[in-house]
Colleague: 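Take a look at this one; I'll ask things after.
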Amino acid sequence: MAKFRFKKIYMEITDVCNKTCPFCLGTTRKPVFLSMEKFENRIKQIANLGEKIYLYVVGEPLLHPNLKEFLEISQNFGACVAITTNATLIDEQFCALLSPALQEFNVSVHSAQDENEIEKIVRSALKLADERNELPISFRFWNCENAQSFHYSKTIEILQKKFPEINIIPHTSSGAKKQKIMQNLFFHFDSPFSWDKNAAPQENGFCYGLQTHFAILTQGTVVPCCLDKNGEIALGNIDEKNILQILDSPRAKAIRGGFSKKIMVENVCRKCAFARQKFVQKVNNKYCR
């Protein structure tokens with residue numbers, strides 16, 4: 001059986017969220033909170049397969065009442081954990097977030113409805129950063145130059161008031177995706193990707209799914225990509241079959257083999273904007289050398 005090692009493994013612990021971010025379309029799956037028994041079984045299988053385990057696909061991980069126990073279990077198995085959150089519940093989960101297992105913390109500010117909410121989110125994140133000065137904390141902004149510029153500019157304003165000695169350079173579309181603010185605080189910029197159900201399928205494309213990462217939905221469904229939030233490319237269920245068998249299945253092999261030839265074998269992938277963009281980038285890079 002093949003040996004696997006991934007940069008990221010997305011292991012969703014709930015598909016429930018307390019907010020609505022503009023770039024997140026949610027999921028058609030039923031609301032579920034992962035049990036401690038299933039979490040331990042899954043982390044036991046994947047702890048040595050990934051550099052980091054992200055407790056997120058959709059949903060808000062800080063909503064889970066057993067987050068503290070999940071991080072303790074992760075530490076016992078030597079897993080490095082990352083969390084992406086809307087950060088509205090940092091104060092409620094503050095003790096849990098002190099776990100050494102947590103090695104990366106990403107804050108999406110886009111759920112905030114007004115200035116007061118943004119200020120609360122930023123203040124809570126700074127409190128965590130002060131308590132855990134070795135923990136990288138990133139404020140994530142998607143399409144910040146357009147509809148979400150309010151969240152970006154307000155976050156800068158709050159940080160600038162608190163740290164007047166820091167010169168925060170405004171981001172541009174051609175700027176770096178990651179910008180260090182100070183110590184363990186960063187800005188991270190990117191653009192959302194989507195599946196257009198009505199788009200004409202395109203065979204040529206490329207993705208890092210099953211190469212650098214894969215995802216496990218709360219229900220146990222293993223999918224090749226963190227964008228497959230509804231489990232349309234179900235490779236198997238980790239609660240029913242060992243993860244190594246799932247990753248080495250004929251369908252998984254076909255997907256990896258297709259991407260190695262810049263071919264998308266799954267219809268879902270053929271409508272993915274990310275896969276199309278990556279293919280164009282690789283073609284351009286090839287002929288620009």
Colleague: Side chain to side chain contact (heavy atoms under 4.5 Å, CB included) with His64: which of Val16, Leu34, Leu55?
Modeller: Leu34
Colleague: Should Leu247 and Val223 be regarded as members of a common hydrophobic cluster, given that ILVMFWY residues are connected when their side-chain heavy atoms come within less than 4.5 Å of each other, either directly or indirectly?
Modeller: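 No; tracing contacts between hydrophobic side chains, which count when under 4.5 Å, never links both residues.
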Colleague: In Å and rounded to the nearest 0.5 Å, what is the CD to CG distance from Glu37 to Asp239?
Modeller: 9.0 Å
Colleague: About how many Å separate CG of Asn133 and CD of Gln183, when rounded to the nearest 0.5 Å?
Modeller: 6.5 Å
Colleague: One pair to check against side chain to side chain contact (heavy atoms under 4.5 Å, CB included): Val268 and Leu227. What are the steps and the verdict?
Modeller: CA-CA 10 Å; Val268 171; Leu227 293 178; over 6 Å; no
Colleague: Where do Phe187 and Tyr152 land on the ring-ring contact (aromatic ring centres under 6.0 Å, His included) test, with the steps shown first?
Modeller: CA-CA 9 Å; Phe187 283 154; Tyr152 177 51; 5.7 Å; yes
Colleague: Give the intermediate values and the outcome of side chain to side chain contact (heavy atoms under 4.5 Å, CB included) for residues Phe94 and Ser124.
Modeller: CA-CA 9 Å; Phe94 197 80; Ser124 296; over 6 Å; no
Colleague: So if you build clusters from Ile, Leu, Val, Met, Phe, Trp, Tyr with side-chain heavy-atom gaps below 4.5 Å, do Ile246 and Leu217 land together?
Modeller: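 No, separate clusters.
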Colleague: Please check this pair: side chain of Glu12 against backbone of Val58, looking for a donor-acceptor N/O pair closer than 3.5 Å.
Modeller: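 Judged by distance alone, yes, a pair lies under 3.5 Å.
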Colleague: Keeping the roles fixed (side chain from Gln93, backbone from Leu62), state whether a donor-acceptor pair exists under 3.5 Å.
Modeller: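 At least one qualifying donor-acceptor pair exists.
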Colleague: Output the distance between atom CD1 (Ile118) and atom OG (Ser153), rounded to the nearest 0.5 Å.
Modeller: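 Answer for the CD1-OG pair, Ile118 versus Ser153, is 7.5 Å.
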Colleague: Working to the nearest 0.5 angstrom, can you tell me the gap between Ser35 OG and Ile13 CD1?
Modeller: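 Rounded to the nearest 0.5 Å, the OG-CD1 separation comes out at 12.0 Å.
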Colleague: Spell out, yes or no, whether Leu235 and Met11 are grouped together once hydrophobic residues are joined by side-chain heavy atoms under 4.5 Å, including indirect joins.
Modeller: yes
Colleague: Is Asp114 reaching over with its side chain to a backbone N or O of Glu117, donor-acceptor style, under 3.5 angstrom?
Modeller: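 Yes, because the side chain of Asp114 sits within donor-acceptor range (under 3.5 Å) of the backbone of Glu117.
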Colleague: With rounding to the nearest 0.5 Å, note down the distance linking CD in Glu266 to SG in Cys272.
Modeller: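 Answer for the CD-SG pair, Glu266 versus Cys272, is 12.5 Å.
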Colleague: For Asp15 and Thr27, does a side-chain donor sit closer than 3.5 Å to a side-chain acceptor?
Modeller: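 Looking only at side-chain atoms, Thr27 and Asp15 do not form any donor-acceptor pair under 3.5 Å.
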Colleague: Going by atom types only, do Asn86 and Glu60 share a side-chain donor-acceptor pair under 3.5 Å?
Modeller: yes
Colleague: Assess the residue pair Glu51 and Arg5 against the criterion (salt bridge (charged side-chain N to carboxylate O under 4.0 Å, His left out)); give the C-alpha distance rounded to whole Å, side-chain angles, the decisive distance to 0.1 Å, and a yes or no.
Modeller: CA-CA 8 Å; Glu51 294 177 17; Arg5 183 68 178 174; 5.1 Å; no
Colleague: Do Lys177 and Phe189 meet the cation-pi criteria used here (NZ or CZ under 6.0 Å from the six-membered ring centre, within 45° of the axis)?
Modeller: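 No - Lys177 does not lie over the ring of Phe189 by the 6.0 Å and 45° rule.
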Colleague: Output, in order, the C-alpha distance, side-chain angles, deciding distance and verdict of salt bridge (charged side-chain N to carboxylate O under 4.0 Å, His left out) for Arg132 and Glu134.
Modeller: CA-CA 5 Å; Arg132 291 200 57 190; Glu134 84 293 351; 2.7 Å; yes
Colleague: Has the side chain of Thr14 got a donor or acceptor atom that lies under 3.5 Å from a matching backbone atom of Val32?
Modeller: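 Yes: the side chain of Thr14 pairs with the backbone of Val32.
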Colleague: Any link between Val57 and Ile46 through a network of hydrophobic side chains (Ile, Leu, Val, Met, Phe, Trp, Tyr) touching at under 4.5 Å?
Modeller: no
Colleague: Looking only at side chains, do Asn106 and Thr85 share a donor and an acceptor under 3.5 Å apart?
Modeller: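 Checked: Asn106/Thr85 side chains show no N/O donor-acceptor pair below 3.5 Å.
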Colleague: Step by step, work out the salt bridge (charged side-chain N to carboxylate O under 4.0 Å, His left out) result for Arg123 and Glu119.
Modeller: CA-CA 6 Å; Arg123 299 291 181 190; Glu119 185 153 3; 3.2 Å; yes
Colleague: Taking all atoms of both residues into account, what is the closest heavy-atom pair of Phe259 and Gly205, and its distance?
Modeller: CD2-O, 4.1 Å
Colleague: Using the rule that two of Ile, Leu, Val, Met, Phe, Trp, Tyr join whenever any of their side-chain heavy atoms come within less than 4.5 Å, decide whether Leu159 and Phe186 are in one cluster.
Modeller: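 Different hydrophobic clusters.
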Colleague: For the side chain of Asn242 and the backbone of Leu244, is there at least one donor-acceptor N/O pair under 3.5 Å apart?
Modeller: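 Flag set: sc Asn242 to bb Leu244 pair under 3.5 Å.
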Colleague: Side-chain donor-acceptor pair under 3.5 Å between Arg256 and Gln211, yes or no?
Modeller: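 Looking only at side-chain atoms, Gln211 and Arg256 do not form any donor-acceptor pair under 3.5 Å.
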Colleague: What class does the angle between the rings of Phe70 and Phe39 fall in, given that below 30° is parallel, 30 to 60° is tilted and above 60° is perpendicular?
Modeller: parallel
Colleague: Verify, without hydrogens or angle tests, whether Arg140 (side chain) and Thr84 (backbone) share a donor-acceptor contact under 3.5 angstrom.
Modeller: no
Colleague: Would you confirm whether Arg251, through its side chain, and Ala234, through its main-chain N or O, come within 3.5 Å as a donor-acceptor pair?
Modeller: yes
Colleague: Got more than 12 heavy atoms from elsewhere within 6.0 Å of NZ, Lys19?
Modeller: yes
Colleague: Any idea how Phe4 and Phe6 line up, ring-wise: parallel (<30°), tilted (30 to 60°), or perpendicular (>60°)?
Modeller: parallel
Colleague: Answer yes or no: is there a donor N or O on one side and an acceptor on the other, between the side chain of Glu131 and the main chain of Leu126, under 3.5 Å?
Modeller: no
Colleague: Could you walk me through whether Lys68 and Glu72 pass the salt bridge (charged side-chain N to carboxylate O under 4.0 Å, His left out) check?
Modeller: CA-CA 6 Å; Lys68 187 174 187 293; Glu72 289 173 354; 2.9 Å; yes
Colleague: Any luck finding a side-chain donor-acceptor pair between Asn204 and Gln202 under 3.5 Å?
Modeller: no
Colleague: Nearest 0.5 Å, please: how far is SG in Cys207 from NZ in Lys262?
Modeller: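 Between Lys262 NZ and Cys207 SG, I get 12.0 Å after rounding to 0.5 Å.
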Colleague: Would you call the rings of Tyr10 and Tyr54 parallel, tilted or perpendicular, where under 30° means parallel and over 60° means perpendicular?
Modeller: tilted
Colleague: What do the steps show when you test Thr218 against Arg29 for side chain to side chain contact (heavy atoms under 4.5 Å, CB included), and what is the final call?
Modeller: CA-CA 10 Å; Thr218 310; Arg29 292 178 280 129; 4.3 Å; yes
Colleague: Between the side chain of Asn184 and the main-chain N/O of Leu135, is any donor-acceptor distance below 3.5 Å?
Modeller: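 Checking the backbone N and O of Leu135 against the side chain of Asn184, a donor-acceptor pair under 3.5 Å is found.
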Colleague: Lys8 vs Cys226, test: side chain to side chain contact (heavy atoms under 4.5 Å, CB included). Steps then yes/no.
Modeller: CA-CA 10 Å; Lys8 300 178 181 180; Cys226 58; over 6 Å; no
